[in-house]
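These numbers come from the heavy atoms of this one structure, side chains and all, not from hydrogens, waters or symmetry mates.
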Amino acid sequence: MELRFPEVETPDDASLEAGRLLFAGATEFVKGVVAMDGLPPADRVEVCFAGRSNVGKSSLINALTGRKGLARASNTPGRTQEINFFTAGDIYVVDLPGYGFANAPVAVVEKWQRLLKQYLSGRQTLRRVFVLIDARHGAKAVDEEIMSLLDKSAVTFQVVMTKVDKVKGAALEEAMTRTRAALAKHPAAFPELILTSSEKGEGIATLRAVIAGIS
């Protein structure tokens with residue numbers, strides 16, 4: 001039986017080079033947005049990264065761009081409380097506020113979760129959401145809440161497993177099986193997984209190539 005949601009195949013040389021070139025130029029922070037009326041003009045393709053607090057979104061963006069300090073990484077869940085826009089070539093790369101547990105007052109959490117949902121539902125230039133899943137745990141109920149929102153918004157999303165260097169063998173397979181079972185319920189899910197390690201660089205070139213192919 002064909003495996004549903006297999007790991008993405010290694011891109012060919014041309015695709016890898018396109019991904020390298022996309023992120024080889026100047027990559028700049030544009031702005032942090034705290035309300036929908038603060039969004040930059042919708043004048044280019046956007047891809048964004050969503051995930052539970054502390055799943056490694058900022059670290060992944062830094063690895064993609066090769067700039068360690070571009071996106072703020074922190075061991076404190078919930079530090080990213082804005083929608084942060086960055087340029088890479090002629091596209092926007094967007095770092096969304098973490099969902100789920102966050103070390104912040106309830107009112108603050110509710111505000112940025114509301115902004116997150118408004119953005120995902122209403123940004124016409126958004127081409128794909130990369131939903132980050134910690135490879136040590138696999139998909140959880142809170143991840144499926146975002147997946148359901150993306151289904152309703154008709155926004156394609158693709159799962160990126162993070163921190164694959166932290167788990168191996170049967171434990172990784174178990175997490176991937178759990179994630180695949182969750183994805184099978186969601187029509188907006190892109191049918192391939194990307195496995196990454198920001199610390200070791202694993203999967204980064206592949207993810208760059210996938211983004212270049214979207215843009």
Within a strict 4.5 Å, meaning less than it, do heavy atoms of the F23 and V93 side chains meet?
yes
Same cluster (ILVMFWY, side-chain, under 4.5 Å), V34 and Y119:
no
Could you tell me whether a side-chain N or O of T162 sits under 3.5 Å from a main-chain N or O of V55, the two making a donor and an acceptor?
yes
Below 4.5 Å, heavy atoms only, C-beta onward: do K200 and D165 meet side chain to side chain?
yes
Can you establish whether the number of heavy atoms outside D13 located under 6.0 Å from its atom CG is more than 12?
no
SB check K166 E199 (cutoff 4.0 Å):
yes
What closest approach, in Å, do P187 and K185 show between heavy atoms, and which atom pair accounts for it?
CD-O, 3.6 Å
Donor-acceptor contact present, side-chain D151 to main-chain A188, <3.5 Å:
yes
Side-chain heavy atoms under 4.5 angstrom apart, residues restricted to Ile, Leu, Val, Met, Phe, Trp, Tyr: same cluster for V155 and F5?
yes
Donor-acceptor check, side chain of D143 to backbone of A139, threshold 3.5 angstrom: yes or no?
no
Should L21 and I211 be counted in the same cluster of Ile, Leu, Val, Met, Phe, Trp and Tyr side chains packed under 4.5 Å apart?
no
A cation-pi test, strictly: NZ or CZ of R128 under 6.0 Å from the centre of the six-membered ring of F190 and no more than 45 degrees from its axis. Yes or no?
yes
Evaluate the ring planes of F49 and F130, with Trp represented by its six-membered ring, and classify them as parallel (under 30°), tilted (30 to 60°) or perpendicular (over 60°).
parallel
Y92 six-ring face occupied by R44 cation (under 6.0 Å, within 45°)
yes
Could you check if a side-chain atom of M147 sits within less than 4.5 angstrom of a side-chain atom of L149, using non-hydrogen atoms only?
no
Distance in Å, T156 OG1 paired with L150 CG, rounded so as to fall on 0.5 Å steps
9.0 Å
Nearest 0.5 Å, what's the CD-CD distance between E192 and Q158?
6.5 Å
Kindly say whether E173 contributes a backbone atom to a donor-acceptor pair with the side chain of T177 at under 3.5 angstrom?
yes
Are R123 and E46 ion-paired here, with the side-chain N under 4.0 Å from a carboxylate O?
yes
Heavy-atom distance under 4.5 Å between the side chains of I204 and T206, does that happen here?
no
Is it the case that the side chain of R127 and the backbone of Q124 share a donor-acceptor pair, with hydrogens and angles ignored and the cut-off at 3.5 Å?
yes
Quick one: pull up CG in L60 and OG in S198 and give me the separation to the nearest 0.5 Å.
4.5 Å
With heavy-atom distances below 4.5 Å as the criterion, would you say the side chains of V47 and V94 are in contact?
no
Using modelled atom types only, decide if a donor and an acceptor are shared between the side chain of T196 and the backbone of M161 within a distance under 3.5 Å.
yes
T87 and F29: CA distance, side-chain angles, deciding distance, side-chain contact (heavy atoms from CB on, under 4.5 Å) verdict:
CA-CA 7 Å; T87 56; F29 173 70; over 6 Å; no
Between the side chains of R178 and E174, is the shortest nitrogen-to-carboxylate-oxygen separation below 4.0 Å, so that they form an ion pair?
yes
Tell me whether R208 contacts the main-chain N or O of R20 through its side chain, where contact means a donor paired with an acceptor under 3.5 Å.
no
When rounded to the nearest 0.5 angstrom, what distance separates CZ in F86 from SG in C48?
12.5 Å
Minimal non-hydrogen separation, A135 against V164, with atom names:
CB-CG1, 3.8 Å
Tell me, do T179 and V159 make a side-chain contact under 4.5 Å, heavy atoms counted?
yes
Quick one: do V33 and L126 end up in the same hydrophobic cluster if we chain Ile, Leu, Val, Met, Phe, Trp and Tyr together by side-chain heavy atoms under 4.5 Å apart?
yes
When you measure from the side chain of S121 to the backbone N and O of Q118, does any donor-acceptor pair fall under 3.5 Å?
no
Nearest atoms (heavy-atom pairs only) where P11 meets A209
CG-CB, 3.7 Å
S59 side chain to N62 side chain, donor-acceptor N/O pair below 3.5 angstrom
no
Is it the case that the side chain of K140 and the backbone of I133 share a donor-acceptor pair, with hydrogens and angles ignored and the cut-off at 3.5 Å?
no
Okay, side chain of K57, backbone of L96: is any donor-acceptor separation there less than 3.5 Å?
yes
Nearest 0.5 Å, please: how far is CZ in R52 from CG in L132?
10.0 Å
Could you tell me whether the side chain of L115 reaches within less than 4.5 Å of the side chain of M36, counting heavy atoms only?
yes
Hey, could you give me the CG/CG distance between L207 and L195, rounded to the nearest 0.5 Å?
11.5 Å
Verdict with supporting geometry, L193 and L183, side-chain contact (heavy atoms from CB on, under 4.5 Å):
CA-CA 10 Å; L193 305 178; L183 289 173; 3.5 Å; yes
Could you walk me through whether H186 and S148 pass the side-chain contact (heavy atoms from CB on, under 4.5 Å) check?
CA-CA 7 Å; H186 297 282; S148 295; 3.3 Å; yes
Heavy-atom distance under 4.5 Å between the side chains of S197 and K163, does that happen here?
no
